[in-house]
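Please read all numbers here as calculations on a predicted model, not as lab measurements. Numbered from 1 within each chain, the chains take letters A, B, ... in sequence-line order. We use all heavy atoms of the structure for the numbers below, so side chains are in, but hydrogens, waters and symmetry mates are not.
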Amino acid sequence: MSAIHCRDLCKTFHQGEEEITGLDHVSLDIEAGSFVALVGPSGSGKTTLLNAMGGLDRPDSGEIVLGDTRIDTLDQGELADLRLNRIGFVFQSYNLVPVLSARENVEFVMQLQGVGAQERAARAEAVLAEIGLEGLSGRRPAELSGGQQQRVAVARAIASEPQLILADEPTANLDSHSATQLMELFVHLNREHKVTFVMATHDTRVMRYARRVVSLQDGRIESDQRTPEAVE
Amino acid sequence: MGAGISRLAWRNLWRNRRRTLIMLAAVAVGVWAMVFMSAMMRGMVDEMVRSGLEQLPGMVQIHQRAYRDDPSVVNSMPSPEGTLQAALAEPPVTAWAARVRVPAMVASARASRGLTLLGVDPAAERALGSVPPTISEGRFLEDEHDRGVVLGQRLVERLESDLGKRVVIMSQDPQNDVADRGVRVVGIYKARLPGDEERFAYAGRAALQELLQVPGQVSEVAVMATDYRRPQALVEHLARAAGPQLEVLPWTELDPFLSSMLDLQDGFSLVFMVVVFLALSFGLVNTLAMAVFERIREIGLMQALGMRPGLILRQVLLESLYLLLLGLAVGNGAAWLTIKPLESGIELSSVARGMEMFAMGATLYPALYWRDMVLATVVVLGLGVLASLIPAWRAARLDPIRALNSH
C-alpha cells in the first residue's frame with residue numbers, strides 16, 4: 001500500500017527573467033513503512049519534491065496522493081490540517097520555538113490537534129524518554145546541544161503520530177556522532193512505529209541507513225535503488 | 001489551544017524585554033495622560049456647572065406654566081405645601097428654596113437701573129448655595145422679613161450710592177400698578193461674574209411679597225439634589241407631586257448652554273484620547289511589526305506544523321492585547337495615584353482672573369470618573385487591536401516556504 005504517490009509532478013521557479021526547473025515530470029510511489037532517501041546535489045529538486053509531498057508547496061502540474069487523499073488540490077486551510085494530523089516535519093536547522101521548553105515544543109503540535117493536557121504531557125514525556133532526552137524536558141532550546149535540539153524536533157514530529165515524516169537535511173548541522181545517533185533513532189522509530197520516513201539529503205552517512213535511495217538531478221529522477229544492505 | 005496560544009503570546013512579548021518595556025511605558029504614559037487630562041477637564045467643567053447651578057439656581061426649577069414666557073408677578077405660584085412639600089423633603093433633594101423673582105427698577109438720588117429683584121429666604125438660599133459668594137460691605141439679609149436690600153458692588157458704583165443709603169425699588173403688582181418702596185442698602189456683594197453685580201439685587205421674600213401684594217406666592221422653587229448629571233428622575237418625581245398646573249424643568253432645559261458644556265467635555269475627552277492613541281499606535285504597530293519580522297522563520301515553522309493562519313493572527317493580536325492591558329493597568333493605576341491626592345484642590349491663584357472668566361474659582365478640583373478610565377480603556381483596546389491587525393494579518397499571510405528559508 002502506498003504511503004504517498006506522486007505522478008508527473010512539474011514545478012518551475014522564476015528568478016528574475018531566469019526560469020529554473022524544480023521538478024520535471026517526477027513520478028514516485030513510496031510504500032507505507034518505508035525509509036527513503038532523496039539524494040542529489042544542491043538544486044536537484046529533492047527539497048522541492050519534499051515540500052510538495054508535505055503540502056508546503058504546490059506543483060505546477062501532476063498529482064500527489066497521501067494515503068487516499070489527493071493533496072495538490074486542497075486549499076491552504078485543508079493543507080494546514082493535513083500537515084497537522086498526517087505529516088511530521090524535521091528540518092535542517094532544528095526549528096524549535098525558542099520560548100518553549102523541550103516538552104512544550106513536543107506538545108505544541110498535539111495542542112494544535114486538540115489533545116487534552118494530561119494525555120499531551122504523558123505522550124511528550126514518553127517520546128522524550130524514548131529518544132533519550134528524559135531529564136531535559138524542561139530546558140529551552142538554547143540550553144540544548146544541536147543534536148539534542150534535533151532530537152526534540154524528531155520527538156515533536158512523532159508525538160503527533162503522523163503517517164509520514166519528511167526530513168530535510170536533518171543531519172546537515174550535526175557532527176558525525178550526533179548524526180549517527182539521529183539516524184539510529186530514525187531507523188528505530190521507522191521499525192517500531194511503522195512510520196514512513198522520507199529524507200532529503202546529500203550526506204553520504206545518511207544514505208546507508210535508507211532502504212531505498214532515490215537520486216535526483218535537474219528536477220528528474222536519475223535512479224531509484226532498493227538497498228537491502230541498509231544499516232538496521 | 002487557547003491556553004497554549006496565550007502562553008506563547010505572553011512569552012513572545014518578553015523576548016525583547018527592553019523594547020517591550022519601552023512600548024509598555026509609552027502606552028502607560030499615554031493612558032495616564034488621557035485619564036489625568038480628563039480628570040482636570042472634568043474638574044473644570046464640574047466647577048463651571050456647579051457655579052452655573054448656583055446662579056441658575058438649582059438642578060430643577062418649578063414654575064407656574066406661563067412664568068417662563070412672562071416672568072411677572074402675575075404668573076406666580078403658591079409656596080410648596082402638601083405632597084410637593086413632602087417630595088421636596090425626600091432624597092435625592094438636598095436643599096430647596098422658594099423665591100420671588102421679578103423685573104424691577106432700583107433708583108438712587110443720582111441714577112436708576114433695571115435689574116432682577118430676588119425675594120429670598122436667606123437660610124434656604126444658603127443651603128442651596130445661591131447667596132453671593134462675597135459680601136464686601138455690610139451684611140446679607142437676616143431673614144425673609146428683612147426690609148433691607150443687598151446690591152452688587154458695580155451697581156452701587158453706577159447708582160453712586162453706598163452702604164446704609166436709601167434707594168427706591170419699583171416693580172409691578174398683579175394689578176399692573178407700580179409698587180415701590182424706599183429701602184436701605186444693608187449689604188454690598190461681589191459676584192464671580194462682575195456682570196451679575198448689576199443684574200441681581202436681593203430683598204427679603206416676605207417683605208417683597210408684601211410690597212407686591214402677593215402673600216404666600218412665589219415665582220419659582222429651586223431644587224438642589226445629589227447628582228447634577230442625572231436630574232430626569234427627580235424631575236419626574238417632582239412633576240407627579242406638583243400637579244399639572246406647575247412646570248418642573250431640569251437645569252439642562254433651563255440653561256442649554258450650560259448643559260452643552262457637558263456634551264462638549266465628553267466629546268473633547270474622546271477626541272483627546274483618540275489623538276493621544278493615534279500617536280501611540282505608530283509605536284505599537286512598529287513594535288509588533290518588528291516582533292513579527294524577527295520571527296518570520298518561526299511563523300513559517302508553525303505554519304508548516306499545521307497552525308492555521310487564523311491562529312497565527314490570534315497569537316500576534318494576543319501579544320498586542322497583553323501589551324495594551326499591561327499599559328492600561330499601569331496607566332490607569334498611575335492616574336488614580338496622581339489624581340486622588342489632588343482631589344482636595346490645586347491652587348491656581350496665579351491665573352485666578354482667567355479662571356473667573358469661566359465662572360470658576362481659584363482652586364481646581366480634578367475629578368476622577370470611572371467612565372473616563374473605561375473610555376480610555378475602550379479607546380486603547382479598540383484602536384490598539386485594530387492597529388495590530390496590520391502586522392498580525394501580514395504574519396498570518398506569510399508563505400511557509402519563504403518564511404522557513406528567510407534569514
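Proximity to chain B is absent for every atom of A/E107, based on heavy atoms less than 4.5 angstrom apart.
Pairing each heavy atom of A/L100 with each of A/P141, the nearest pair is O-CD, 3.1 Å. Here the shortest heavy-atom pairing between A/Q149 and A/L144 reads NE2-O, 3.2 Å.
Residue A/R103 is tested with A/L133, A/V127, A/V152, A/L128 for a side-chain contact (heavy atoms from CB on, under 4.5 Å); the sole match is A/L128.
Put simply, of A/P98, A/A117, A/A157, A/S160, the one with the most heavy-atom pairs under 4.5 Å next to chain B is A/P98. Counting heavy-atom pairs under 4.5 Å between each of A/D57, A/N85, A/V97 and chain B puts A/V97 at the top.
Looking at heavy atoms from C-beta onward, B/N12 lies in side-chain contact with B/L8 at the 4.5 angstrom threshold.
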